[in-house]
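Here is the structure we will look at, set down as structure tokens.
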4 protein chains.
Amino acid sequence: MAKKSGDKYEAILDAAAKIIGEVGYHKAQISKIAREANVAEGTIYLYFENKQDLLLSLFQKRFGEFIVNLKNELNTAKTPLEKLRKLVTRHLENSEKDRNFAQVTQIELRQADRALRQKLSELLRDYFTIIENIIDEGKEQGIFRSDISTKVIRRMIFGTLDEMVSSWLLSSRQYSLSKQAKDAVELFCHGFLVKNND
Amino acid sequence: MAKKSGDKYEAILDAAAKIIGEVGYHKAQISKIAREANVAEGTIYLYFENKQDLLLSLFQKRFGEFIVNLKNELNTAKTPLEKLRKLVTRHLENSEKDRNFAQVTQIELRQADRALRQKLSELLRDYFTIIENIIDEGKEQGIFRSDISTKVIRRMIFGTLDEMVSSWLLSSRQYSLSKQAKDAVELFCHGFLVKNND
Amino acid sequence: MAKKSGDKYEAILDAAAKIIGEVGYHKAQISKIAREANVAEGTIYLYFENKQDLLLSLFQKRFGEFIVNLKNELNTAKTPLEKLRKLVTRHLENSEKDRNFAQVTQIELRQADRALRQKLSELLRDYFTIIENIIDEGKEQGIFRSDISTKVIRRMIFGTLDEMVSSWLLSSRQYSLSKQAKDAVELFCHGFLVKNND
Amino acid sequence: MAKKSGDKYEAILDAAAKIIGEVGYHKAQISKIAREANVAEGTIYLYFENKQDLLLSLFQKRFGEFIVNLKNELNTAKTPLEKLRKLVTRHLENSEKDRNFAQVTQIELRQADRALRQKLSELLRDYFTIIENIIDEGKEQGIFRSDISTKVIRRMIFGTLDEMVSSWLLSSRQYSLSKQAKDAVELFCHGFLVKNND
DNA sequence: AATGAATGAGAGTTCATTCAT
DNA sequence: GATGAATGAACTCTCATTCAT
């Protein structure tokens, strides 16, 4: 397999993101991706083992970049709350900016073989760890409640973001996704119950 | 097409739920479903238009039953908060009880054609409306905060439940899903911020 | 897989023999064989696991029939020499009659995977055993020389017949193959050395 | 095309003999042969027109050398019988020494296109002529029987040798091939019939 | 002469769907 | 209604060959 540098590798990944984003993984034919990338079908197999490996590499690269950028940004935040705000904002902004990738992440990754899903969830685990670290940090500093398990909180945060992106993707995308970041964080922090209703 | 009653119709739906739950929609062969249902392949096409219609009908029926039961139960609840608690509990309990169906709902529905997804989201909309009605009722009664959009709250609730089920499905399912209902509701209501940290 | 009875099974085998005989195993496309058999491509896979299995089945059936017929005929012969004459005659006659099959046996079987070749040579072993039994019977009766190993004699007999068929196939087939049976047997028995030249 | 000399030319032929001998002509990938020869894939096409030409050249060269050596040796033999002995011995010895080449000759040459097979049999014809010349010489000298056609005798000799080599190749090659030369010649000359059984 | 990345035609196989019985 | 053998379009992947460097 050729090295992962060079125009073609990138062109194929871009084409794959576009086609898969448009028609879904199963309906995305290698021939279409090749045409979109201005490359022969066989060329794809110089850079990727097979179709599944292409999807995996696509996710790996894009998500990896997102994670790296996110980590850098989180380092500039002081409090866990500030970190959470940045994470939520980045997640929604990124999905809004790269619709194709969001589509792949949200929709396509859930299908495919058990084996593939396994590998993909390993990649997601990095993201989960970042979220859980923020939560644990907040708990240690006495800012976040310790009586609810970190995992449940993480699932609320990720699930909410995920659902927000899904809704937005399935809608006509006429509203701004990232502008809902503030509301989401507010909800996470205080819930929707009016204070004196305990 | 035969009417939607009779042993075979049910047998096929059960078989479909089982096979799709096990191997996913795309890998679920009609021949396997037929064999599981003790029915000839062609028979399936007497009851369903095509494979996609089978998936759709499966979801429709199972989800419809869930919605009906849910509505009945919600009628016995007095406050919006109580209603929310019942909804969360039923959602998690139901997923835990019928793993195959949860698998289909969570994972398989997200793929497939735009057309199918469209129809499915119409079915989900019923559920969304139920959730949003509870929220609006709470807002009207001054129990729930009115400064956050109903849709965002709904997405948090559904997204969280969805993610909780997904996590549980991808895990070895060694923990009880429905036992986390209380924590989830607590989070929805008060958030995870310690009170004096405003 | 469907049962091995019925028109289609036979039609496919016949078509395969014809096409493979004409262009060789590797160049024999499933689509061509299907068209020749007046059958859809997929139908072939109802009767055979894959292309290789088709070749194997073809050989198995045809060669099996030949072996059965041969055994019956050998039972009517009294002396080992008479048996040898019948075997040689049948071998050449059969090849002459069914040119396609001869082609497959001689040429195509030698290629393909080690695995396939292994299976095929197991089938041939039946034939080898028949030849060797005749030789051993002759040795026991003191008619055939015991100072030369049965295997070497068998290889001479089979190799000679094989080569005669090969030559005939590669030639324009203008001469009668089976008419050389007598010469062949004469050679096997007495060699080509003039008697007083020891 | 480069001239048929030089290190690379030889290296490619050697590599081809090795790879083809191991996995067969059809499964022998140009890329593998190139790697084995420490040469770029494209380089092979500087020395050979295509894959088929490579196989042909391989046979041509190796078989040509064998023929030249054989002719030289036959010149030192006085009687036709002595010549036959030398030919049989050389044939078996050569096959035993260069297993890869034997494999190619026996197995791979039989497949491939009609066109290729045609060219190859032209090369073999040289060998056939040598054998037939020995037979005719023997007939003229009254040593060999004139009542059996030269071609049939030649086919017996070549077919027997061929089958002996084939058997040996398909076996685990635990026995000595060349040691059976004497038995073979004995069979050719006197047949396997005990003398007083005419 | 030498390279090896790129090409793209080609072929086996799968499987949802049909239809004669 | 029920069957299941038959269909054939669709699609991934291979690999001999080319050609710009």
Side-chain angles (χ1 to χ4, degrees), chain A residues 1-3 6-9 12 26-35 37-54, chain B residues 1-3 6-9 26-35 38-54, chain C residues 1-3 6-9 12 26-35 37-54, chain D residues 1-3 6-9 26-35 38-54:
Chain A
M1 198 165 350
K3 344 182 233 182
D7 291 345
K8 308 248 154 140
Y9 182 81
I12 293 168
H26 273 101
K27 287 199 156 184
Q29 300 162 226
I30 290 291
S31 58
K32 288 263 177 63
I33 294 175
R35 204 174 310 137
N38 274 318
V39 144
E41 287 180 48
T43 304
I44 291 182
Y45 291 87
L46 293 177
Y47 292 92
F48 305 94
E49 281 185 38
N50 49 40
K51 193 182 169 183
Q52 184 172 296
D53 179 48
L54 175 55
Chain B
M1 194 164 358
K3 16 177 205 170
D7 287 349
K8 309 236 160 161
Y9 183 81
H26 272 101
K27 287 199 156 183
Q29 295 157 233
I30 290 290
S31 58
K32 286 262 179 63
I33 294 175
R35 202 172 313 137
N38 275 318
V39 144
E41 292 179 48
T43 305
I44 291 183
Y45 289 86
L46 296 174
Y47 293 92
F48 305 93
E49 283 183 37
N50 50 38
K51 192 182 172 184
Q52 185 171 293
D53 180 48
L54 174 56
Chain C
M1 201 164 350
K3 331 183 243 183
D7 290 346
K8 310 247 154 142
Y9 182 80
I12 294 168
H26 272 101
K27 286 199 157 184
Q29 301 160 225
I30 291 290
S31 59
K32 288 262 175 63
I33 294 174
R35 203 173 309 138
N38 274 318
V39 143
E41 290 180 47
T43 304
I44 292 182
Y45 291 87
L46 294 176
Y47 293 92
F48 305 94
E49 282 185 38
N50 49 39
K51 193 181 171 185
Q52 184 171 296
D53 179 48
L54 174 56
Chain D
M1 198 167 347
K3 28 179 195 169
D7 287 348
K8 310 236 160 164
Y9 182 82
H26 272 102
K27 286 197 156 184
Q29 296 158 232
I30 291 291
S31 58
K32 286 263 177 63
I33 295 175
R35 202 172 315 138
N38 276 318
V39 144
E41 291 179 49
T43 305
I44 290 182
Y45 290 85
L46 295 174
Y47 292 93
F48 305 93
E49 281 183 41
N50 49 38
K51 193 182 170 183
Q52 185 172 293
D53 179 48
L54 174 56

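Numbers restart at 1 for each chain; the letters A, B, ... are given by sequence-line order, proteins then strands.
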Spell out protein contact along nucleotides 11-17 of chain E as letters: B when the base is contacted, S when just the sugar-phosphate is, - when no protein heavy atom is under 4.0 Å; keep the 5' to 3' order.
-> SSBBSSB
Starting at atom [atom1] of [X], determine the distance to atom [atom2] of [N], rounded to an integer number of angstrom.
{"X": "B:K32", "N": "F:dG4", "atom1": "NZ", "atom2": "P", "result": "17 Å"}
{"X": "B:Y9", "N": "F:dG1", "atom1": "OH", "atom2": "C1'", "result": "17 Å"}
{"X": "A:L46", "N": "E:dG8", "atom1": "CG", "atom2": "P", "result": "13 Å"}

How do B:N38 and C:N38 order along DNA chain F: which one's closest nucleotide is nearer the 5' end?
->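 The residue whose closest nucleotide sits nearer the 5' end is B:N38.
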So which one's nearest nucleotide on DNA chain F is more toward 5', B:I44 or C:I44?
->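 Taking each residue's closest nucleotide, the earlier one in sequence belongs to B:I44.
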Over 60° means perpendicular and under 30° means parallel, so classify the ring planes of D:Y9 and D:Y47, tilted if in between.
->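 Taking D:Y9 first and then D:Y47, their aromatic rings sit tilted (interplane angle of 30° to 60°).
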To the closest 0.5 Å, what do you measure between [atom1] ([X]) and [atom2] ([Y])?
{"X": "D:K8", "Y": "D:I44", "atom1": "NZ", "atom2": "CD1", "result": "11.5 Å"}
{"X": "A:R35", "Y": "A:Q29", "atom1": "CZ", "atom2": "CD", "result": "8.0 Å"}
{"X": "A:E41", "Y": "A:I30", "atom1": "CD", "atom2": "CD1", "result": "8.0 Å"}

Between B:H26 and B:K51, which heavy-atom pair has the shortest distance, and what is it?
->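 Here B:H26 and B:K51 meet closest at O-NZ, 3.6 Å.
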Is the distance from OP1 or OP2 of E:dA2 to the nearest side-chain N or O of D:K8 less than 4.0 Å?
-> yes
Phosphate oxygens OP1/OP2 of F:dA2: is one of them under 4.0 Å from a side-chain N or O of B:Y47?
->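 For F:dA2, OP1 or OP2 has a side-chain N or O of B:Y47 closer than 4.0 Å.
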Using a 3.5 Å limit on both pairing distances, list the dot-bracket string of DNA chain E from the 5' end; Watson-Crick and G-U wobble pairs count, crossing pairs take [ ], interstrand pairs take |.
-> .||||||||||||||||||||
C:A37: side chain to side chain contact (heavy atoms under 4.5 Å, CB included) partners, not counting sequence neighbours =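 Applying side chain to side chain contact (heavy atoms under 4.5 Å, CB included) to C:A37 gives C:A11, C:I12, C:A15, C:V39.
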Listed partners of A:N50 passing side chain to side chain contact (heavy atoms under 4.5 Å, CB included), at least two apart = A:Q52, A:D53
